[in-house]
Amino acid sequence: MSVVVRAASAKVMRWAHEDHGSVVDLTRALVRVPSRAGIDPYEPVIATLTAWMGERRLAPRVLRDASGAPVAVTADVVGERRGPRWVLDACLDTAPFGDEAAWTHPPTSGHLENGWLWGRGSADSKAAVAIFCHIAARLAAHPDQLRGTLSLLFDLDEHTGGFGGARRYAEGPDAPRDIAGVMIGYPGPDHLVIGGRGVHRARIRVRGVASHSGGRASTPNAIAKAADLVRALASAELPAPAPDFPLPGKVTVTAISGGEGFSVTPDLCTLHVDIRTVPTFDDAAAARLLADTAQRVDHAWPDTPPTRVAPHTRWPPYALPEHSPLRTALLGAAAAHGLRPEPKIAGPSSIGNYLAGLGIPATAGFGVVYAGLHATDERIRIDTVPEVQAAYHSGVLAL
């Protein structure tokens, strides 16, 4: 490491330690405002965050969907030199509380005890929101250090699975056209997610023939036919994974609904199917599997209407190459500040897959040490904040 790089890293770490108390305070303030996806109104947490941002040379904007509902908070810091746009992204909405009586401290307490900060959203991902805000505030005060634009994006529609904030930001009428990459602030110090399996989800309508269940003659039962389709999908043989993408594809039937009452042979049963795609078993292969399997089952049930497959969500698998600037910069910055996250291709899909479909590289994690993610007693270790902040700050400067 050169003398110049060491000096820059030391300054960034010094700033992170100076900001530590403020980061903790902002995280606690955000945790104390409930923002459960689809449950709580978002205006209070937006007001808390935008007030803080507005006091520190940041100019927050609230993005809204077609109905006028808020879906994200964003802000830009423009450097004095020309360059690309990099985005720091974290979710501002949270998972539900679950059984509040089971929590050691209330889920909106922001309680501090023995070095831990408790509360829903502390890990996922209000600590990342606070860390990223402080990085942006530092750069807003020192624009001469920034080449290009740093954007903040805080999604209010992440835990619903809709990613409405990211979609509005990346595909809305005022979407920036110069996004070089996105860094997603997921918690946990052990991994930097640089890829993930894709997803192909579909609703399948399986048809039978209705009749009185007590009648002399039996008609084809849509639920029995659907059971044949479930068994066929469960036994499907998928290709082996590629050497550079070690995870295999996966097919899971996640929901079944059909029939009503006791006296009617059902004529409709609906399946939800979740397929995880990989380079050797991609979106087109997943679609063929569903179509071919449905056709074979239909052939075995000749007296029934055909099965209909309706695609729901389609995101590609992705993996950043070893020499990707985003991957290289973040791993190098982490190492410079004593962190050793391993690059990882994740099994679950994420917003990174959505971005990959737009041609935008993305990483997820690393972040603060945590416990109880989406569970009772969610909390973070506050002494792990400065190194994470310094690493992302250094990564942004390197990019």
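All values derive from a computational prediction rather than experimental measurement.
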Name each donor-acceptor pair under 3.5 Å that joins a side chain in residues 189-200 to protein atoms two or more places apart or in another chain, with its distance.
from: Arg197; atom 1: NE; to: Gly347; atom 2: O; distance (Å): 3.2
from: Arg197; atom 1: NH1; to: Pro248; atom 2: O; distance (Å): 2.7
from: His200; atom 1: ND1; to: Asp283; atom 2: OD1; distance (Å): 2.8

Item to check | Verdict with reasoning, Trp116 to Ile382, per side chain to side chain contact (heavy atoms under 4.5 Å, CB included) | outcome: CA-CA 6 Å; Trp116 291 87; Ile382 62 173; over 6 Å; no

Checklist entry - Heavy-atom distance under 4.5 Å between the side chains of Leu92 and Tyr42, does that happen here? => result no

Checklist entry - Salt bridge between Asp292 and Arg288, side-chain N to carboxylate O under 4.0 Å? => result no

Checklist entry - What class does the angle between the rings of His111 and His105 fall in, given that below 30° is parallel, 30 to 60° is tilted and above 60° is perpendicular? => result parallel

Next on the checklist: Minimum heavy-atom separation for Arg120 and Pro96, please, with both atom names.
Outcome noted: NE-O, 2.7 Å

Side-chain donor-acceptor distances from residues 234-241 under 3.5 Å, at least two apart:
from: Ser235; atom 1: OG; to: Arg231; atom 2: O; distance (Å): 3.1
from: Ser235; atom 1: OG; to: Ala232; atom 2: O; distance (Å): 3.2

Checklist entry - Is there a path from Leu399 to Ile131 through hydrophobic residues (I, L, V, M, F, W, Y) whose side chains come within less than 4.5 Å of each other? => result yes

Item to check | Pairwise side-chain contact, Thr270 with Ile256, heavy-atom cut-off 4.5 Å (strictly under) | outcome: no

Item to check | Option from Leu152, Val87, Val23 for which side chain to side chain contact (heavy atoms under 4.5 Å, CB included) with Phe132 holds | outcome: Leu152

Next on the checklist: Would a single hydrophobic cluster contain both Phe154 and Ile360, if residues Ile, Leu, Val, Met, Phe, Trp and Tyr are joined by side-chain heavy-atom contacts under 4.5 Å?
Outcome noted: no

Checklist outcome for this item: Tightest non-hydrogen contact, residues Arg327 and Pro321, listed as CD-O, 3.5 Å

Checklist entry - Between the side chains of Ser211 and Thr265, is a donor N or O closer than 3.5 angstrom to an acceptor N or O? => result yes

Checklist entry - Where is the tightest heavy-atom contact between Pro386 and Ala16, given as atom of each residue plus distance? => result O-CB, 3.4 Å

Next on the checklist: Tell me whether the NZ or CZ atom of Arg379 lies within the 45° cone about the ring axis of Tyr370 and under 6.0 Å from its centre.
Outcome noted: no

Sequence neighbours left out, cut at 3.5 Å: what donor-acceptor pairs do the side chains of residues 388-396 make with other protein atoms?
from: Gln389; atom 1: NE2; to: Asp19; atom 2: OD2; distance (Å): 3.0
from: Tyr392; atom 1: OH; to: Gly365; atom 2: O; distance (Å): 2.9
from: Tyr392; atom 1: OH; to: Phe366; atom 2: N; distance (Å): 3.3
from: Tyr392; atom 1: OH; to: Phe366; atom 2: O; distance (Å): 2.8
from: Ser394; atom 1: OG; to: His337; atom 2: NE2; distance (Å): 2.8
from: Ser394; atom 1: OG; to: Ala390; atom 2: O; distance (Å): 3.1

Item to check | Partner residues of Asp174 under the salt bridge (charged side-chain N to carboxylate O under 4.0 Å, His left out) criterion, sequence neighbours left out | outcome: Arg61, Arg168

Checklist entry - Ring centroid separation for Phe163 and Trp315, is it under 6.0 angstrom? => result yes

Next on the checklist: For Arg64, I'd like to know if atom CZ has over 12 heavy atoms of other residues, nucleotides or ligands within 6.0 Å.
Outcome noted: yes

Next on the checklist: Checking the side chain of Thr50 only, and the main-chain atoms of Pro60 only, is there a donor and an acceptor separated by less than 3.5 Å?
Outcome noted: no

Checklist entry - Are Val62 and Leu153 connected in a single hydrophobic cluster, I mean Ile/Leu/Val/Met/Phe/Trp/Tyr linked by side-chain heavy atoms less than 4.5 Å apart? => result no

Checklist entry - Can you tell me if Arg381 uses its side chain to pair, donor with acceptor, with the backbone of Gly115 under 3.5 Å? => result no

Checklist entry - Is the shortest side-chain N to carboxylate O distance from Asp274 to Arg276 below 4.0 Å? => result yes

Checklist entry - Between Val253 and Leu229, is a side chain to side chain contact (heavy atoms under 4.5 Å, CB included) present by the stated rule, with each step listed? => result CA-CA 10 Å; Val253 176; Leu229 180 55; over 6 Å; no

Checklist entry - Between CH2 of Trp103 and CG of Asp377, what distance do you get to the nearest 0.5 Å? => result 6.5 Å

Checklist entry - With Val309, which residues qualify under side-chain contact (heavy atoms from CB on, under 4.5 Å), at least two apart? => result Ala202, Ile204, Leu290, Ala294

Checklist entry - Hey, is Asp144 close enough to Arg81 for a salt bridge, meaning N to O under 4.0 Å? => result no

Item to check | Any donor-acceptor N/O pair, Thr94 side chain to Pro34 backbone, under 3.5 Å | outcome: no

Next on the checklist: Exactly one of Asp89, Thr74, Asp155, Val182 should register a side chain to side chain contact (heavy atoms under 4.5 Å, CB included) with Tyr169. Which one does?
Outcome noted: Thr74

Item to check | Check: Thr108/Arg32 side-chain N/O donor and acceptor closer than 3.5 Å | outcome: no

Checklist entry - Hey, quick one: are Met183 and Leu146 part of the same hydrophobic cluster, counting side-chain heavy atoms closer than 4.5 Å, chains of contacts allowed? => result yes

Checklist entry - Do Trp15 and His142 have their ring centres less than 6.0 Å from each other? => result yes

Next on the checklist: Please determine whether salt bridge (Lys or Arg N to Asp or Glu O under 4.0 Å) holds for the pair Asp298 and Arg207, giving the CA-CA distance in whole Å, both sets of side-chain angles, and the decisive distance to 0.1 Å.
Outcome noted: CA-CA 9 Å; Asp298 281 344; Arg207 306 304 297 268; over 6 Å; no

Checklist entry - Does the ring of Tyr354 carry Arg167 above it, NZ/CZ under 6.0 angstrom from centre and within 45° of its axis? => result yes

Checklist entry - Do the side chain of Thr304 and the main chain of Gly208 share a donor and acceptor less than 3.5 angstrom apart? => result no

Checklist entry - Between the main-chain N or O of Gly162 and the side-chain N or O of Thr160, is there a donor-acceptor pair closer than 3.5 Å? => result yes

Checklist entry - Ion pair present between Lys126 and Glu378, side-chain N to carboxylate O less than 4.0 angstrom? => result no

Checklist entry - If every non-hydrogen atom of Val45 is compared with every non-hydrogen atom of Val33, which pair is closest and at what distance? => result N-CG1, 3.4 Å

Checklist entry - Does the pair Val273 and Ile275 meet the rule for a side chain to side chain contact (heavy atoms under 4.5 Å, CB included), with working shown? => result CA-CA 6 Å; Val273 181; Ile275 300 179; 3.9 Å; yes

Item to check | Flag if over 12 foreign heavy atoms under 6.0 Å of CD, Gln295 | outcome: no

Item to check | Side-chain heavy atoms of Pro246 within contact of Ile345, under 4.5 Å | outcome: yes

Next on the checklist: Can you list everything that forms a ring-ring contact (aromatic ring centres under 6.0 Å, His included) with His374? Sequence neighbours excluded, please.
Outcome noted: His159

Next on the checklist: Between Thr149 and Asp76, is the side-chain hydrogen bond (donor to acceptor under 3.5 Å, both in side chains) condition met? List the steps.
Outcome noted: CA-CA 7 Å; Thr149 300; Asp76 295 335; over 6 Å; no

